[in-house]
2 protein chains.
Amino acid sequence: MADLAKIEEIRRFNRHYANILGKIDQEIYHKPYPLSEARVLAELYGKTGITATEIREKLGIDRGYMSRIIQKFEDDKLIAKKQAPSDKRQHLLHLTGSGEKVHLALVDEANKEVAKMIDSLTPHQLDQLTSAMHTVEKLLTHEEPQALSVLIRPFQPGELGYVSYLHGRLYNKAYGFSELFEYYVMKGLSEFLMDRQGGELWIAEVDGEIAGSIAIARVDGHTAQLRWFVLDDRFQGQGIGKSLMNTALAFCQAQNYRHIFLWTVHILEAARHLYSKYGFECTEQKPNAEWTDQELIEERWDLELVLH
Amino acid sequence: MADLAKIEEIRRFNRHYANILGKIDQEIYHKPYPLSEARVLAELYGKTGITATEIREKLGIDRGYMSRIIQKFEDDKLIAKKQAPSDKRQHLLHLTGSGEKVHLALVDEANKEVAKMIDSLTPHQLDQLTSAMHTVEKLLTHEEPQALSVLIRPFQPGELGYVSYLHGRLYNKAYGFSELFEYYVMKGLSEFLMDRQGGELWIAEVDGEIAGSIAIARVDGHTAQLRWFVLDDRFQGQGIGKSLMNTALAFCQAQNYRHIFLWTVHILEAARHLYSKYGFECTEQKPNAEWTDQELIEERWDLELVLH
DNA sequence: CGTTAGTAGTTGACTTAGTCAACTTATTTT
DNA sequence: AAAATAAGTTGACTAAGTCAACTACTAACG
């Protein structure tokens, strides 16, 4: 059960949005046709030879009501019927010229109403709005059951900066790491940028957002160091770390590295657990007093790769 | 007039969301009371002594309908009336115990319905959902006419990485700048991090997002260099650059710098225009062949500050 | 102070949008 | 060929809400 505060928030949004929609409807649709009828008209637009039942099923309208809507539209000369050749019970419907005109006028009204709603927004805000709407729509249409689309790919221009941002922010927020740590990360990354022979850095991208990273750096012909393994806290615990690790280790295999090691600190429990699951073993410990107030213990973990 | 494609998108979302809301309503409310009546009940909950008209005005309900709703609730013993002491026409309304129960049951139903709607989402997706909803709500409630809330503030842990990300991504995308440029930015920033005596770097934050940055670095007692002036392309042309510049120059005044200079490249037209508007003058040019394929011309611009 | 205008709430008559079930006609299944 | 099913029609009904006239009261003005 998702937590109640979120649900209340969503309900608040629902109420709010119902209001907005209500206002729009009122302004537009009370004009000549009620909403359901306008929707039937919209459904007919651009198609020819659709049947009443097809529309009914799509819009969820009662049979009797539908029949009367069709009659009314016929009386108003908005649509024309033709008996279906294949089934004499059905009629193929299509809009007449004035039906199209009426539909377009309704659409136009609706557009004007929406335009009024957004006319004070800057282009950037408009982008924000539509992208937020897409997010809502995508999340609430669980046609794609829920699988995050996680993409692991080599880094692109500028993204090393983002990796250092992730490190600096996360470790400061969670453990109070100092600027010295941030410096150490940035310096390492900028050196890596200039010399990454035999190494690579991957970005985990989730729905276009950067969620985390991992890197392999060459030490010597047989030895690689695993570095810059980080995951935005919002994306933790969803198997993305594992995907990153798999990518990095597969790369090591392909490059024929035999030994892989990494440096971490003892307080990173989740990471240590993952390392040991992949067969890494802690081989060295040393104190570090620079990065944070509490005494840290840096640890070196090693993994021997078996040849395939 | 905002462009039509966006409007159509928004209308699509409206239709879609109207559908979702419709489904929820149907499931819940057809039970004992229609939506408007449930809303009246909700309005009464937690308050005592509210009058019918107050509710009417808030919910936009017709007088006659309201009167009958109240009667029905009274018959069902959900509410009780008391004559208002100040005005013998009005009644002060309050829920009875069973009224509260009924309301809470309705809320509970609604919550369950929403929970069903979101039960396949991960916590992160749920965050995305509510934050997208907030965005929509905020943008469509133009109580704050439209002014972006731009906050200019000193950088926080990790954010220098983000600044380098902005540089790397923007200049690569727009002008094809190479990794060498990115390296140059990261290196400079990491050095600045360790020694920023007499300098500062500011972040422009828009709605919690990092939109851009500017920095002042000390050169000598009287001379400062303006660096790392960048703005995410989505936020350009909205006066944020100006705010950043004002902040930086005010800092220079406060620190008693007399000379400010900066290095830029000739292709950055918008920036050059801003510099000259603030009184900077181009004092030196030199070719740069490292950062991009085309021959770049680096320019030094200087500004003498007048003492106050 | 009394008149007038306005407000809170009530009531009856009405409308809109939609539902339900019975029915006709045609088609498909057995 | 009979039975079951589907498309569309029709009459009767209802829920939800609107409109206008009315009563009882209050506030504002001269």
Side-chain angles (χ1 to χ4, degrees), chain A residues 18-19 21-23 25-44 49-76 79-94 106, chain B residues 18-19 21-23 25-44 49-76 79-94 106:
Chain A
N19 248 331
L21 291 177
K23 266 178 208 147
D25 285 356
Q26 264 181 354
E27 307 253 348
I28 307 164
Y29 286 112
H30 268 261
K31 303 280 162 69
Y33 299 100
L35 202 132
S36 306
E37 301 183 11
R39 291 177 70 196
V40 171
L41 222 46
E43 216 45 56
L44 283 162
I50 192 170
T51 69
T53 301
E54 283 171 297
I55 297 176
R56 261 190 358 88
E57 278 173 1
K58 183 149 178 200
L59 303 184
I61 291 179
D62 170 82
R63 273 212 304 271
Y65 188 27
M66 186 68 192
S67 173
R68 272 184 269 259
I69 290 175
I70 297 291
Q71 276 168 35
K72 185 170 158 200
F73 283 168
E74 253 193 307
D75 290 351
D76 293 357
I79 64 170
K81 279 193 204 172
K82 229 182 6 198
Q83 227 185 30
S86 60
D87 185 334
K88 279 187 228 151
R89 291 169 308 179
Q90 321 192 88
H91 300 130
L92 303 181
L93 306 174
H94 57 97
L106 285 172
Chain B
N19 246 331
L21 291 176
K23 267 178 208 148
D25 285 356
Q26 264 181 354
E27 308 253 348
I28 308 164
Y29 286 113
H30 268 260
K31 304 280 163 69
Y33 298 101
L35 201 132
S36 305
E37 301 182 10
R39 292 177 70 194
V40 171
L41 221 47
E43 214 47 55
L44 284 161
I50 191 170
T51 68
T53 301
E54 283 171 298
I55 298 176
R56 256 188 5 86
E57 279 173 359
K58 185 148 176 203
L59 302 184
I61 291 179
D62 170 83
R63 275 212 302 271
Y65 187 27
M66 187 68 191
S67 174
R68 271 183 271 258
I69 291 175
I70 297 290
Q71 276 169 34
K72 184 171 160 200
F73 283 168
E74 251 193 309
D75 291 351
D76 293 357
I79 64 172
K81 280 192 203 173
K82 232 181 8 197
Q83 228 187 31
S86 59
D87 185 335
K88 278 184 230 157
R89 290 168 308 176
Q90 321 191 88
H91 301 129
L92 303 181
L93 306 173
H94 58 96
L106 285 173

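A, B, ... follow the sequence lines: proteins, then strands. Residue 1 opens every chain.
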So which nucleotide from [options] ends up closest to the side chain of [X]?
X: A/Asp62; options: D/dT26, C/dT19, D/dT18; result: C/dT19
X: A/Arg63; options: D/dT9, C/dG9, C/dA13; result: D/dT9
X: A/Tyr65; options: D/dA12, D/dC19, C/dG18; result: C/dG18
X: A/Arg68; options: D/dC19, C/dA26, C/dT19; result: C/dT19

Over how many whole Å does the gap from [X] atom [atom1] to [N] atom [atom2] extend?
X: B/Arg56; N: D/dG17; atom1: CZ; atom2: P; answer: 14 Å
X: A/Ile70; N: D/dT9; atom1: CD1; atom2: P; answer: 8 Å
X: B/Lys81; N: C/dA8; atom1: NZ; atom2: P; answer: 15 Å
X: B/Leu35; N: D/dA15; atom1: CG; atom2: C1'; answer: 13 Å
X: B/His91; N: D/dT26; atom1: NE2; atom2: P; answer: 11 Å
X: A/Glu54; N: D/dA7; atom1: CD; atom2: C1'; answer: 12 Å
X: B/Arg89; N: C/dA5; atom1: CZ; atom2: C1'; answer: 12 Å
X: B/Ile50; N: C/dA8; atom1: CD1; atom2: C1'; answer: 15 Å

Side chain to side chain, A/Val40 and A/Phe73, heavy atoms closer than 4.5 Å: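 Yes, close enough: below the 4.5 Å cut-off.
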Is the count of non-hydrogen atoms from other residues, nucleotides or ligands lying under 6.0 Å from A/Lys72 atom NZ greater than 12?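 Above 12, so yes.
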Just checking A/Gln71: base, sugar-phosphate only, or nothing, at a heavy-atom cut-off of under 4.0 Å?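 It contacts sugar-phosphate atoms only.
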Please classify the nucleic acid contact of B/Asp87 as base, sugar-phosphate, or nothing, using heavy-atom distances under 4.0 Å.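 The answer is sugar-phosphate, as B/Asp87 gets under 4.0 Å only of primed atoms, P, OP1 or OP2.
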Is there a side chain to side chain contact (heavy atoms under 4.5 Å, CB included) between A/Leu92 and A/Thr51 once you walk through the steps? CA-CA 5 Å; A/Leu92 303 181; A/Thr51 69; 3.8 Å; yes
Taking OP1 and OP2 of [N], is either one under 4.0 Å from a side-chain nitrogen or oxygen of [X]?
X: B/Lys72; N: D/dA15; value: no
X: B/Ser67; N: C/dA8; value: no
X: B/Thr53; N: C/dT7; value: no

Can you check side chain to side chain contact (heavy atoms under 4.5 Å, CB included) on B/His91 and B/Lys82, steps first, answer last? CA-CA 5 Å; B/His91 301 129; B/Lys82 232 181 8 197; over 6 Å; no
Could you check B/Ile79 against B/Ile70 for side chain to side chain contact (heavy atoms under 4.5 Å, CB included), going step by step and ending with a plain yes or no? CA-CA 8 Å; B/Ile79 64 172; B/Ile70 297 290; 3.8 Å; yes
